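A short write-up of the structure that comes next.
These numbers come from a predicted model, not from an experiment. Order of the sequence lines fixes the chain letters, A, B, ..., with proteins taken first and strands second; residue numbering starts at 1 for each chain.
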Protein chains: 2
Amino acid sequence: MLVGAPADLAKGPSMSTASPEPTGLRERKKAHTRRTLMDTALRLFHENGYPETTTEEIAATVGVSQRTFFRYFPSKEAVLLSAVEDVDELLASALLERPGHESPFTALRNAMRDHWEQLAHASLHQRGDAANLIATSPDLAEANVRIDPSRRARLAGAVAERTGVDAETDPRPWITAAVFHTCLGLGHRQWVREGRPGQERLLACFLRQLDLAPEAVASDWPDAGTT
Amino acid sequence: MLVGAPADLAKGPSMSTASPEPTGLRERKKAHTRRTLMDTALRLFHENGYPETTTEEIAATVGVSQRTFFRYFPSKEAVLLSAVEDVDELLASALLERPGHESPFTALRNAMRDHWEQLAHASLHQRGDAANLIATSPDLAEANVRIDPSRRARLAGAVAERTGVDAETDPRPWITAAVFHTCLGLGHRQWVREGRPGQERLLACFLRQLDLAPEAVASDWPDAGTT
DNA sequence: TTGCCAAGTGTCATTCGCTGACATATTCTC
DNA sequence: GAGAATATGTCAGCGAATGACACTTGGCAA
């Protein structure tokens, strides 16, 4: 599983995040190819736009056949998904480190706040800053919307794990994840509207939306704080 | 707009819901073709599965060319989306009829409850019971997930309209819509797990999830009601 | 009625995402 | 080093989606 197996995006629960290092030469090569494909794809997406970049082009740039591309990634979108998963992964583990007395939603919020730099750094990592990319390109943003359900499912799983409930039967992790995710989307939107200032501002936008959430669900919206 | 214009799925705000009757012969033909395409598509989806049904097949069954299909619907998914929109439309108008003192989320919940039969009936309407179809077929369910963001956006718009806030700048309608939508998804899942009893049961599942939502966001999940 | 314009449709060709089948090359194991 | 396992390339093909062009049909006015 994990990095080793290409075309493998199924996310079973509780698969160890540790893929220490690929010992064999085969696996090292595979990991390299996969990473190269991913980096190249993200770079091309960024340079030419998502729909404009063909899988053929990606493969050719890397120096493999298109067929090989699809052996590593089940779809074009999957490259994005996979890149974005890394960020979600970090958030998930940050979530587990939060003190147990915090409510799931609060813990999620705080995990995000505390590990923001780490998340931001990860998104700027070798992967060609997938997250930032998505934030920047309208095409990618649209693709990201389609990917959304998977991410939300992953988040719900993480919340369930932390709280020790069964995500299969318990609705609460899903609702929490949905609200959280929506807040991020809204925060990002607002950040864009403000002209994309620094990343600290993005975090601030996120937090603002997150803090509005409980009221939005429960209250009557007397009228309060827009924008 | 609406039924009249083929390949037109853009949803500008405040387009009148009234398309009284197509006066011209041209427009009547067009409306007929569109409806036939939709009905046929949904029927074939139901009989053979969504991915198994080709656009070619749909067009051939109706007696038009594949090209014409794509002149009426911008994509294969759009047929589904369009059918499902009708149901959302009803919910949106039901929402506007709820007493003003209800919180948006509650109003949404109650609108759903009160107009359930109407919604159910609409879904069984001439359109080949799109909603039910989606609920039944796993393939369609997956397609429905992808469609989800559009539906949520529509719902958010409806909530914003009811409450008189600006959906562009105010986050609350979006959060409300997201939570509501998630509850529906969860309710449906539960209903499936129970072996798909009658539609009344589906409504009950929906309502149960909806009533759990506020707690899921705010509280500490002491442990309560699973299943 | 006649005839013109516009809208709707069919046909053809093409692009692109994606998959199966088979042959070849590379790595691993003994 | 031989043989098994795996990774890759090549080729062929399907289906979704789009553009270009020709043809038919409905709407409308002279």
Could you state the [atom1]-[atom2] distance from [X] to [N], rounded to the nearest angstrom?
X        : N       : atom1 : atom2 : result
Glu57(A) : dC16(C) : CD    : P     : 9 Å
Glu27(A) : dT8(D)  : CD    : C1'   : 17 Å
Gln66(A) : dT15(C) : CD    : P     : 14 Å
Ile58(B) : dA16(D) : CD1   : P     : 8 Å
Arg28(A) : dA7(D)  : CZ    : C1'   : 16 Å
Tyr72(A) : dT19(C) : OH    : P     : 17 Å
His32(A) : dT26(C) : NE2   : C1'   : 17 Å
Arg34(A) : dT8(D)  : CZ    : C1'   : 17 Å

Q | side-chain contact (heavy atoms from CB on, under 4.5 Å) partners for Thr61(B), two or more places apart | A |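 Once residues adjacent in sequence are excluded, the partners of Thr61(B) under the side-chain contact (heavy atoms from CB on, under 4.5 Å) criterion are Thr40(B), Arg43(B), Leu44(B), Glu57(B).
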(Q) What I want to find out is whether Arg151(B) reaches Glu85(B) closely enough, with some N-O distance under 4.0 Å, to be called a salt bridge. (A) no
Q: Consider the side chain of Phe70(B), meaning its heavy atoms from C-beta on, and name the nucleotide among dC16(C), dA17(D), dT8(D) that approaches it most closely.
A: dA17(D)
(Q) I'd like to know whether the aromatic ring centres of Phe206(A) and Trp191(A) sit less than 6.0 Å apart in this structure. (A) no
Q: Please figure out whether Thr33(A) or Thr55(B) has its closest DNA chain D nucleotide nearer the 5' end.
A: Thr33(A)
Q) Does dA7(D) have OP1 or OP2 sitting under 4.0 Å from an N or O in the side chain of Lys30(A)? A)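 For dA7(D), OP1 or OP2 has a side-chain N or O of Lys30(A) closer than 4.0 Å.
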Q: Answer yes if the side chains of Thr36(A) and Thr33(A) hold a donor-acceptor pair under 3.5 Å, and no otherwise.
A: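 Side chains of Thr36(A) and Thr33(A): no pair found under 3.5 Å.
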Q: Let me have a per-nucleotide readout for nucleotides 19-26 of chain D, 5' to 3', with B, S or -, counting only protein heavy atoms under 4.0 Å.
A: BB----SB
Q: Assign Ser65(A) to base, sugar-phosphate, or nothing according to its heavy-atom contacts below 4.0 angstrom with the strands shown.
A: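 Base contact - Ser65(A) has a heavy atom under 4.0 Å of at least one base atom.
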Q. Given Glu52(A) and Phe45(A), is the side chain to side chain contact (heavy atoms under 4.5 Å, CB included) satisfied, shown in steps?
A. CA-CA 8 Å; Glu52(A) 284 73 22; Phe45(A) 290 166; over 6 Å; no
Q | Lys/Arg cation over aromatic Tyr50(B): Lys76(B), 6.0 Å, 45° cone | A |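 Relative to the ring axis of Tyr50(B), which defines the angle, Lys76(B) lies inside both limits.
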Q) What residue among Ile175(A), Thr176(A), Thr182(A) forms side chain to side chain contact (heavy atoms under 4.5 Å, CB included) with Thr182(B)? A)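 Of Ile175(A), Thr176(A), Thr182(A), side chain to side chain contact (heavy atoms under 4.5 Å, CB included) with Thr182(B) is met by Ile175(A) alone.
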